[in-house]
Amino acid sequence: MYVTGGAVWRCQTHPVVARPGDLAAPGLEHFPTLFSPLTVGGRTLKNRIVHASMTTRYITDGLVSERFIHYHRNRIDGGCGAIITEPVNTASSQCSPVRLSVFDGRALEALRPLADHANANDCALIIQVQDRGRGRHEAGRVDQAYGASALPDDISWTVPHPMSADTIEQMISEMADSCRRLAEIGIAGAEIVACHGHLIHQFLSPWSNRRGDQFGGDLAGRARFLVTLFQAIRDAVPDDFMLGVKLPGQDGVPGSIDLDEAEAIARYVGDQIDPDFWTFAWGTHANTLYRHLPDAHGQPVPYASGSRRLRQTHPGIMTGALGYILDAHQAERQLTDGSADLAMIGRALITDPSWPNKFLAGRDADVRYCVSCNTCWRAIIETNVLGCDNNPRVGFAKEADWQPARDEGAVRRVTVVGNGIAGLEAAWILAEAGAQVTVIGHGEEGGGSTRLHAELPGGENLSSIYDYQMLRLQKSDAELRFGEMATLDSIIETQPEAIVLATGSTPVTPDWLDPMWREEGLITDLRSFAREFLQTPAASDGRLIVHDRDHTEMTYALAEYCADYFSEVVIVTPRERIATDVALVTRQGIYQRLHEKRVRLVTCAEPVADQTFDDGRFYFANVFNGDRDSIEEMAGVTFATSRAPNLTLLPELKKTGIPVDVIGDCYAPRSVMAATREGHAVALRLLSSPRN
């Protein structure tokens with residue numbers, strides 16, 4: 001039942017759709033090329049969907065973990081034609097504890113059952129051969145780094161020790177031997193990484209390779225490492241072992257690899273080694289790292305034209321389309337317009353491991369879509385384990401096409417207060433498991449503050465989170481009372497056995513702002529400002545001041561949007577930089593867009609508390625020395641501050657004796673991933689709780 005604006009109606013209950021393994025394959029009509037077989041090297045793939053390499057960090061001390069197995073088994077079962085794993089340790093110099101130890105053999109036998117499962121399900125399991133050299137994403141510099149030349153990494157400024165020719169040849173020999181051993185346990189192939197600023201890219205680039213020996217100089221010398229490694233692996237493995245390379249497109253570094261140089265590299269490498277497949281990647285370890293993972297601030301598949309040009313150097317080599325492919329329609333287009341032969345899908349398969357089977361079965365609406373937020377990248381860098389905003393089950397044993405189990409003995413009546421993404425995640429799972437669920441939320445539509453962010457630049461894909469949740473709820477018998485402010489009485493009237501409080505949070509008024517100005521609507525918080533401005537945007541000759549004590553993406557999305565309407569947007573923050581609460585790969589994109597729109601950044605500054613705005617100026621002071629300055633011709637001010645949980649209802653709810661779970665921003669303001677994870681977790685816990 002859905003209640004909004006006084007109207008009430010019952011949601012329709014839909015029958016369970018077909019499961020993988022019982023597919024009528026209606027997707028063949030719409031995606032005939034994507035789901036057609038293709039022979040690559042000595043192996044025929046059942047479809048053109050390749051899981052592009054994504055680091056999971058589901059590895060401890062170099063050994064295979066249960067979560068690593070779960071992750072890959074789910075994507076094998078989900079219908080991928082091939083999976084390229086994350087890089088593994090294939091040489092004696094590689095000792096990362098978060099990569100599988102292949103060179104010393106410790107991970108091989110535990111990896112064999114996964115290879116067997118892939119082969120039994122007609123999925124090619126391909127490992128990635130890669131060395132980072134001097135490259136580093138994390139803070140700090142690389143200890144004991146080695147590279148082509150003694151030149152700094154553009155991000156960490158690590159200066160490597162130049163590799164000797166003997167060291168290079170030893171690494172090549174060890175990598176080839178590791179591939180031989182992988183082939184012996186049933187691994188289908190390998191992909192050599194020569195892009196993204198990693199070691200072989202450092203050799204290919206004329207900027208980072210200043211060597212005077214046989215591994216430097218002209219293109220033939222700079223490509224010698226890659227060519228020799230490829231040939232050594234090819235000599236060490238069976239003929240049906242698939243062997244591909246990942247080459248640089250434009251890396252964006254002056255004097256390095258532009259599209260002309262990338263074309264020359266592709267032509268030369270293709271002449272020398274004839275790989276079974278290849279893929280081209282953009283960006284590098286520099287200010288262009290963000291191009292590695294393009295997000296919703298640009299068009300899908302942004303590198304298609306460049307990849308198509310590079311492919312033409314050797315049209316006979318199977319080419320993978322890579323970069324921001326979200327659905328099967330985009331993938332099919334790349335396979336039919338001359339861009340590619342294979343669809344390399346990364347983040348979309350993190351979000352939904354059954355992506356292939358669902359599109360094949362014509363279940364497009366059941367796909368849980370990637371929101372292109374790059375939280376996955378941030379998670380592996382900052383928390384050392386893969387996570388996803390829109391898939392709370394990533395890495396669980398039961399993940400592919402998961403459905404909550406029905407338990408008639410569990411809690412039967414649950415009221416969810418709040419219709420943001422945390423509450424909706426809990427609600428749909430509980431409802432599908434058979435609980436009687438009521439959702440009371442003051443928003444007219446589901447999504448909460450995430451819906452607001454989705455209306456701003458680059459946030460569009462966030463709608464996939466609440467769209468999926470609402471779809472699942474509308475297939476259930478849940479009662480959705482939207483546009484209603486919950487009260488103690490309205491909650492108790494639903495006769496809940498359990499309550500989930502997910503009422504979000506409210507931005508705190510900063511100390512410098514007279515509360516009267518906020519109460520009278522003269523100066524509002526960023527969310528309130530965005531809601532109003534999005535409804536009636538108006539051009540202004542003055543400046544918009546954004547006081548930034550939040551440092552999350554919505555703040556900069558609003559600044560980017562408003563830059564088209566105000567003479568200037570100025571961000572004032574007490575930190576030494578902006579966007580400290582987003583990943584490096586995302587922060588680079590934010591800086592790039594804000595600088596393109598000439599947004600002014602004032603760092604290490606706080607607004608002063610005694611200003612009246614009478615003279616049209618905004619006054620601020622340096623946080624370290626107290627020096628004051630001002631911004632003139634001010635047209636508006638808004639603030640993004642820390643948020644306080646909305647817990648007004650909690651004390652009275654606790655007095656009722658009904659169990660209350662507090663989740664999402666209502667517990668403590670955090671991330672989208674925290675919201676969906678907590679909604680998911682509390683639903684599972686309630687479903688396992690016996691009735692009172």
Side-chain angles (χ1 to χ4, degrees), residues 33 38 40-41 48 50 52-53 82 84 126 128-130 191-198 200-209 218-220 222-227 229-230 242-286 288-294 298-325 330-346:
T33 310
L38 179 71
V40 182
R48 314 290 185 93
V50 180
S53 174
I84 303 175
I126 301 168
Q128 196 172 70
V129 177
Q130 180 238 77
E191 179 185 57
I192 302 171
V193 178
C195 58
H196 291 324
H198 297 306
I200 300 178
H201 186 154
Q202 295 161 27
F203 274 82
L204 286 172
S205 167
W207 183 90
S208 55
N209 186 340
D218 61 9
L219 176 54
R222 299 196 308 275
R224 192 178 305 278
F225 192 156
L226 171 59
V227 170
L229 173 60
F230 186 96
M242 300 164 60
L243 192 51
V245 294
K246 200 171 185 181
L247 291 173
Q250 290 176 299
D251 65 17
V253 175
S256 185
I257 299 175
D258 58 15
L259 202 52
D260 289 338
E261 182 68 19
E263 187 175 39
I265 291 171
R267 182 175 293 106
Y268 178 81
V269 168
D271 286 343
Q272 297 297 312
I273 63 176
D274 190 25
D276 295 325
F277 65 95
W278 63 6
T279 307
F280 301 97
W282 266 244
T284 188
H285 276 267
T288 57
L289 182 68
Y290 70 96
R291 296 181 187 173
H292 172 32
L293 291 172
Q299 294 298 313
V301 206
Y303 309 132
S305 61
S307 181
R308 190 181 308 120
R309 172 180 166 182
L310 299 177
R311 180 192 189 197
Q312 295 312 308
T313 60
H314 291 277
I317 298 174
M318 299 300 165
T319 302
L322 179 69
Y324 194 18
I325 301 174
Q330 295 164 353
E332 180 75 14
R333 191 174 305 117
Q334 297 306 298
L335 303 182
T336 55
D337 70 358
S339 296
D341 306 283
L342 299 163
M344 301 292 191
I345 314 293

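Excluded from the calculations below are hydrogen atoms, water molecules and symmetry mates; all remaining heavy atoms, backbone and side chain alike, are included.
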**Message:** Using a 3.5 Å distance criterion without hydrogens, assess whether the side chain of Glu332 forms a donor-acceptor pair with backbone atoms of Thr33.
**Reply:** yes

**His198 side chain near His285 side chain, heavy-atom distance below 4.5 Å** = yes

**Within-4.5 Å side-chain heavy-atom neighbours: Thr319 and Leu310** = no

**Request:** Please state whether the rings of Phe225 and Phe203 are parallel, tilted or perpendicular, taking 30° and 60° as the class boundaries.
**Result:** perpendicular

**Request:** Check whether any side-chain heavy atom of Lys246 sits under 4.5 Å from a side-chain heavy atom of Leu322, and report yes or no.
**Result:** yes

**Request:** Evaluate the side-chain proximity of Asp276 to Met318: yes if any heavy-atom separation is below 4.5 Å, no if none is.
**Result:** no

**Item:** Check: Ile200 and Leu229 side chains under 4.5 Å, non-hydrogen atoms
**Value:** yes

**Prompt:** When you measure from the side chain of Thr279 to the backbone N and O of Phe277, does any donor-acceptor pair fall under 3.5 Å?
**Reply:** no

**Message:** Within the 4.5 Å heavy-atom criterion, are Gln330 and Tyr324 side-chain neighbours or not?
**Reply:** no

**Item:** Asn209 side-chain N/O to Gln202 backbone N/O, donor-acceptor pair under 3.5 Å
**Value:** no

**Complete:** Value for CD (Gln334) from CG (Leu342), rounded to nearest 0.5 Å, stands at 12.0 Å

**Fill in**
dist Ile265:CD1 -> Ile257:CD1 (nearest 0.5 Å) comes out at 4.0 Å

**Message:** Between Glu191 and Leu243 (side chain of the first, backbone of the second, donor and acceptor by atom type, cut-off under 3.5 Å), is there such a pair?
**Reply:** no

**Fill in**
Note: Ser307 and Ser339 closest approach over all heavy atoms is OG-O, 4.3 Å

**Message:** For a quick test of reading the model, state the closest non-hydrogen atom pair linking Pro275 to Gly244 and the distance between them.
**Reply:** CB-CA, 4.4 Å

**Fill in**
To the nearest 0.5 Å, atom CG of Leu259 lies from atom CZ of Phe280 at 10.0 Å

**Message:** With rounding to the nearest 0.5 angstrom, report the CG to CD distance, Asp258 to Glu263.
**Reply:** 10.0 Å

**Item:** Exercise: identify the closest heavy-atom pair between Cys195 and Ala281
**Value:** SG-CB, 3.8 Å

**Asked** Under 3.5 Å, is there a donor-acceptor pair between the side chain of Arg48 and the main chain of Asp341?
**Response** yes

**Prompt:** Can you find a heavy atom in the side chain of Val193 that is under 4.5 Å from one in the side chain of His201?
**Reply:** no

**Prompt:** Has the side chain of His292 got a donor or acceptor atom that lies under 3.5 Å from a matching backbone atom of Thr284?
**Reply:** no

**Item:** Straight-line distance of Gln312 CD to Arg267 CZ, nearest 0.5 Å
**Value:** 10.5 Å

**Request:** Quick one: do Arg309 and Asp260 satisfy side-chain contact (heavy atoms from CB on, under 4.5 Å)? Show the steps, please.
**Result:** CA-CA 10 Å; Arg309 172 180 166 182; Asp260 289 338; 2.5 Å; yes

**Nearest atoms (heavy-atom pairs only) where Ala262 meets Pro248** = CB-O, 3.4 Å

**Prompt:** Considering all heavy atoms of both residues, which atom of Ser256 and which atom of Glu261 are nearest to each other, and what is their separation?
**Reply:** O-CG, 4.1 Å

**Message:** Could you measure the distance from the NE2 atom of His196 to the CD atom of Gln130? Nearest 0.5 Å is fine.
**Reply:** 9.0 Å

**Message:** With side-chain contact (heavy atoms from CB on, under 4.5 Å) as the criterion, how do Trp278 and Thr313 come out once you've worked through the C-alpha distance, each side chain's angles and the decisive distance to 0.1 Å?
**Reply:** CA-CA 12 Å; Trp278 63 6; Thr313 60; 3.5 Å; yes

**Prompt:** So which heavy atom on Leu204 is nearest to which on Ala194, and how close?
**Reply:** CD1-O, 3.6 Å

**Request:** Output, in order, the C-alpha distance, side-chain angles, deciding distance and verdict of side-chain contact (heavy atoms from CB on, under 4.5 Å) for His314 and Asp274.
**Result:** CA-CA 9 Å; His314 291 277; Asp274 190 25; over 6 Å; no

**Check: Pro302 and Trp282 side chains under 4.5 Å, non-hydrogen atoms** = no

